Amino acid sequence: MLTLHYIEKKIQLTLPQIQIMHQTIRVRFAPSPTGALHIGGVRTALFNYLLAKKHNGTFILRIEDTDQNRFVPGAEDYIIEALAWCGLHFDEGPMQGGPYGPYRQSERKHMYAQFADQLIQKGHAYYAFDTAESLEQKREEWKLKFDHSATYNALTRMEMKNSLTMSEAEVNEALLTESYTVRLKMPASEDVRFTDIIRGEVTFNTSELDDKIILKGDGMPTYHLANVVDDYLMKISHVIRGEEWLSSTAHHVLLYRFLGWEQVMPQFAHLPLILKPDGKGKLSKRDGVKLGMPVFPLSWEDPNPEDSFIGFREAGFDPDALINFLAFLGWNPGTEQEIFSMDELIQAFDLSHVSKSGARFDFDKIKWFNQQYLKNQTGEELAEKVASSIKSAGWNPSENYLAAVCFLLRDRIIVYPDIVRDGVYFFTEDFPKDTDTFKKKWNPEHKDAILGLADLIGKWETNDSTDLEHAVKDYIANSGLGLGQVLPMLRIAIAGTLKGPDLFQTMMLIGLQKCKARIQKLIDESSLLPA
RNA sequence: GGCCCGUUCGUCUAUCGGUAGGACAGCGGCCUCUCAAGCCGUAAAGGCGGGUUCGAUUCCCGCACGGGUCACCA
């Protein structure tokens with residue numbers, strides 16, 4: 001008994017994996033070009049990409065632009081650029097084409113009607129001529145009659161204006177003169193069961209489901225039809241999408257069944273949602289500005305400033321860090337490794353390690369990931385990334401110098417622009433000075449000793465910062481002062497602030513002559529300050 | 001409200017019935033001219049109630065709570 005149960009369980013566990021191994025994996029990321037692609041979409045794309053790459057499969061981009069009202073110019077370019085920045089490259093898509101194109105649903109418009117017809121022929125769909133007003137009115141009625149569960153379904157469709165309630169002549173007449181939609185005819189009461197890779201078996205009863213519109217008044221399909229038809233025609237093997245789609249999956253399963261495609265229906269995997277930091281609802285566009293953090297990969301400029309958003313790229317994040325962070329939102333490798341390159345993610349990824357519950361977006365965590373990525377780069381690598389912002393700040397350091405600065409700063413930055421913010425004194429004499437602290441620490445009696453130190457620094461010749469360090473420390477000891485009385489002064493003179501990298505390395509980099517001048521200058525200024 | 005999905009430290013998570021582990025954030029320490037980084041340490045969790053079992057975080061049922069969804073949007 002016990003062993004039987006055990007074996008049964010083992011078989012259940014290994015079956016999906018075997019299927020994946022021996023099947024050609026074809027997955028698609030299918031965004032709607034209605035604006036900037038937010039971070040949840042990027043994660044969906046990532047998981048699709050990882051599964052495809054892990055099994056030598058194909059990763060497809062399909063643009064779902066069936067809603068002409070919501071079409072936003074530039075959105076498709078944004079999506080493509082954003083995913084490219086993240087290192088997610090498509091094998092088939094609108095840019096590069098492929099054997100199953102076109103890859104924009106608007107360009108596939110002519111392909112959908114025949115399947116809607118097929119459904120009508122078989123009695124699984126029907127024409128509906130209801131106007132928006134009559135629908136709204138009916139919905140109000142149903143709300144009272146059925147206690148909130150108001151839908152266009154088996155219970156109500158016979159009181160509506162559609163090809164089920166009209167004579168053939170009336171229908172033919174209306175087809176020519178009126179705007180119409182095609183609705184899927186749901187069975188009155190039937191359990192629709194499917195297996196979700198992440199959630200296991202899920203069941204819906206058709207009595208709870210409505211007669212979804214599959215073809216709109218303008219001749220365009222809705223998501224439901226377009227999605228099923230395209231996934232079939234494009235031979236998609238796995239549908240990996242957000243959990244918000246779970247409740248309409250029964251409609252999709254029925255569509256596959258009615259179209260005779262159930263045997264080749266893709267496997268479903270519904271990803272847990274990315275939630276707002278407070279956990280109340282899924283993360284949305286506006287949460288970024290509200291909480292002062294990006295939720296988009298790239299900045300998005302909209303004519304309406306309210307709809308313009310800053311991106312992770314512009315905020316100074318590294319795409320590899322973003323990807324690493326996103327991979328861990330709802331997935332884990334089952335080991336204690338946390339830092340993963342894209343190749344390592346591909347190796348380690350497995351749908352069975354995707355969690356079921358929603359994950360809150362944690363800004364602190366992505367900052368930590370980014371910091372890890374920055375401090376593992378060489379000075380040269382960092383320099384390359386910040387060179388343009390250094391230039392636009394008006395500074396023109398040599399490549400070597402910039403790289404050396406980046407190297408010194410690299411352990412204390414979270415995002416790339418921190419180098420510009422924290423490194424001002426490496427590039428110009430015009431850097432902010434914390435004079436308040438200086439005043440607190442300044443003791444006029446030490447003036448001569450410090451001027452003497454400046455003198456020594458200016459004259460010192462060495463290539464070794466520890467050599468300088470010894471000289472300075474010896475001088476301080478000999479003058480009878482403590483390190484704590486002198487070094488903070490020096491730091492403010494040279495860097496303007498009490499924090500920063502090793503003082504002696506900093507001085508060596510800036511140049512000892514310049515440092516001497518900075519010390520003298522600060523002391524001159526301090527004699528002008530009120531005591 | 002109906003239906004569906006979920007529920008382990010504040011947060012992200014490990015644990016596939018047998019001492020609840022890691023990471024972020026927090027706190028403390030070491031290091032140090034400072035700030036970081038790093039290292040060490042500390043505090044912190046199985047929603048509730050029933051069952052099944054020698055044993056339940058893990059399996060089952062109920063409840064509670066949270067989320068999703070109920071458009072000619074995807």
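A quick note: this is a predicted structure, and the numbers were derived from the prediction, not measured. Chain letters run A, B, ... following the sequence lines, proteins first and then strands; every chain starts at 1.
- Evaluation of atom-type donor-acceptor distances gives a pair under 3.5 Å for the side chain of A/Arg412 against the base of B/C35.
- Checked against the 6.0 Å centroid threshold, A/Phe361 and A/Phe325 count as a close aromatic pair.
- A salt bridge links A/Asp67 with A/Arg70; the closest basic N to acidic carboxylate O contact falls under 4.0 Å.
- Applying the Watson-Crick and G-U wobble criteria (two distances, each under 3.5 Å), B/C63 pairs with B/G47.
- Side-chain atoms of A/Lys365 come within donor-acceptor range of the base of B/A23, with a qualifying N/O pair under 3.5 Å.
- Between the C1' atom of B/A36 and the CG atom of A/Leu374 lies a distance of 13 Å, rounded to the nearest Å.
- Taking atom CZ of residue A/Arg104 and atom P of nucleotide B/A74, one finds them 17 Å apart after rounding to whole Å.
- Remark: B/C70 base-pairs with B/G1. Criterion, Watson-Crick or G-U wobble with two distances under 3.5 Å.
- B/U32 atom C1' lies 13 Å from atom CG of A/Leu498, rounded to whole Å.
- Ranked by how close their nearest RNA chain B nucleotide is to the 5' end, A/Leu135 and A/Lys375 are led by A/Lys375.
- Between A/His470 and A/Phe504, the distance separating the two ring centers is not shorter than 6.0 angstrom.
- Between the base of B/C33 and the side chain of A/Arg491 there is a donor-acceptor pair shorter than 3.5 Å.
- If you look at A/Phe431 and A/Phe426, their ring centroids are not closer than 6.0 Å.
- Looking at heavy-atom distances under 4.0 Å, A/Pro31 makes no contact with the nucleic acid at all.
- OP1 or OP2 of B/C33 has not a single side-chain nitrogen or oxygen of A/Gln505 nearer than 4.0 Å.
- Residue A/Lys473 places at least one side-chain N or O under 4.0 Å from the OP1 or OP2 atom of B/C33.
- Phosphate proximity of B/C72 to A/Ser179: absent, as no side-chain N or O sits under 4.0 Å from OP1 or OP2.
- One can place CE of A/Met160 at 11 Å from P of B/C72, the figure rounded to the nearest angstrom.
- Residue A/Arg183 has a polar side-chain atom (N or O) positioned under 4.0 Å from OP1 or OP2 of B/C72.
- OP1 or OP2 of B/U13 has at least one side-chain nitrogen or oxygen of A/Ser355 nearer than 4.0 Å.
- Across all strands shown, B/A23 forms a Watson-Crick or G-U wobble pair, both distances under 3.5 Å, with B/U11.
- Heavy atoms of A/Phe328 sit under 4.0 angstrom from primed sugar atoms or phosphate atoms, though from no base atom.
- Among the atoms of the strands shown, none is found under 4.0 Å from any heavy atom of A/Gly334.
- Atoms CG (A/Asn153) and P (B/C70) sit 15 Å apart, rounded to a whole Å.
- As judged by a 4.0 angstrom heavy-atom cut-off over every strand, A/Gln68 is placed among residues making no nucleic acid contact.
- Rounded to whole Å, atom C1' of B/U34 lies 10 Å from atom OH of A/Tyr425.
- For A/Asp502 against B/C33, a side-chain-to-base donor-acceptor contact under 3.5 Å is present.
- Residues A/Trp245 and A/Tyr223 bring their aromatic ring centres within 6.0 Å.
- When heavy atoms are screened at a 4.0 angstrom cut-off, A/Gly500 is found touching base atoms of the nucleic acid.
- Proximity of A/Lys282 to the phosphate of B/U69: a side-chain N or O atom is located under 4.0 Å from OP1 or OP2.
- Remark: B/G28 base-pairs with B/C40; criterion is Watson-Crick or G-U wobble with both hydrogen-bond distances under 3.5 Å.
- Counting non-hydrogen atoms under 4.0 angstrom, A/Asp130 reaches a base of the nucleic acid.
- Counting any heavy atom pair closer than 4.0 Å across all strands shown, A/Thr66 reaches sugar-phosphate atoms only and no base atom.
- Nucleotide B/C16 has no partner under the Watson-Crick or G-U criteria, as no pair reaches both atom distances under 3.5 Å.
- No contact: A/Thr497 has no heavy atom under 4.0 Å from any strand.
- Rounded to whole Å, the distance from NZ on A/Lys212 to C1' on B/A71 is 8 Å.
- The side chain of A/Lys216 contributes an N or O atom lying less than 4.0 Å from OP1 or OP2 of B/A74.
- Note on A/Glu136 versus A/Arg139: no salt bridge recorded, every NZ/NE/NH1/NH2 to OD/OE distance being 4.0 Å or above.
- Rounded to a whole Å, the CG atom of A/Leu144 is 13 Å from the C1' atom of B/G1.
- Residue A/Thr181 is classed as a base contact, given a heavy-atom separation below 4.0 Å to a base.
- Heavy atoms of A/Leu503 sit under 4.0 angstrom from at least one base atom.
- Across A/Ile197, A/Thr249, A/Val239, a single residue satisfies side-chain contact (heavy atoms from CB on, under 4.5 Å) together with A/His270, and that is A/Thr249.
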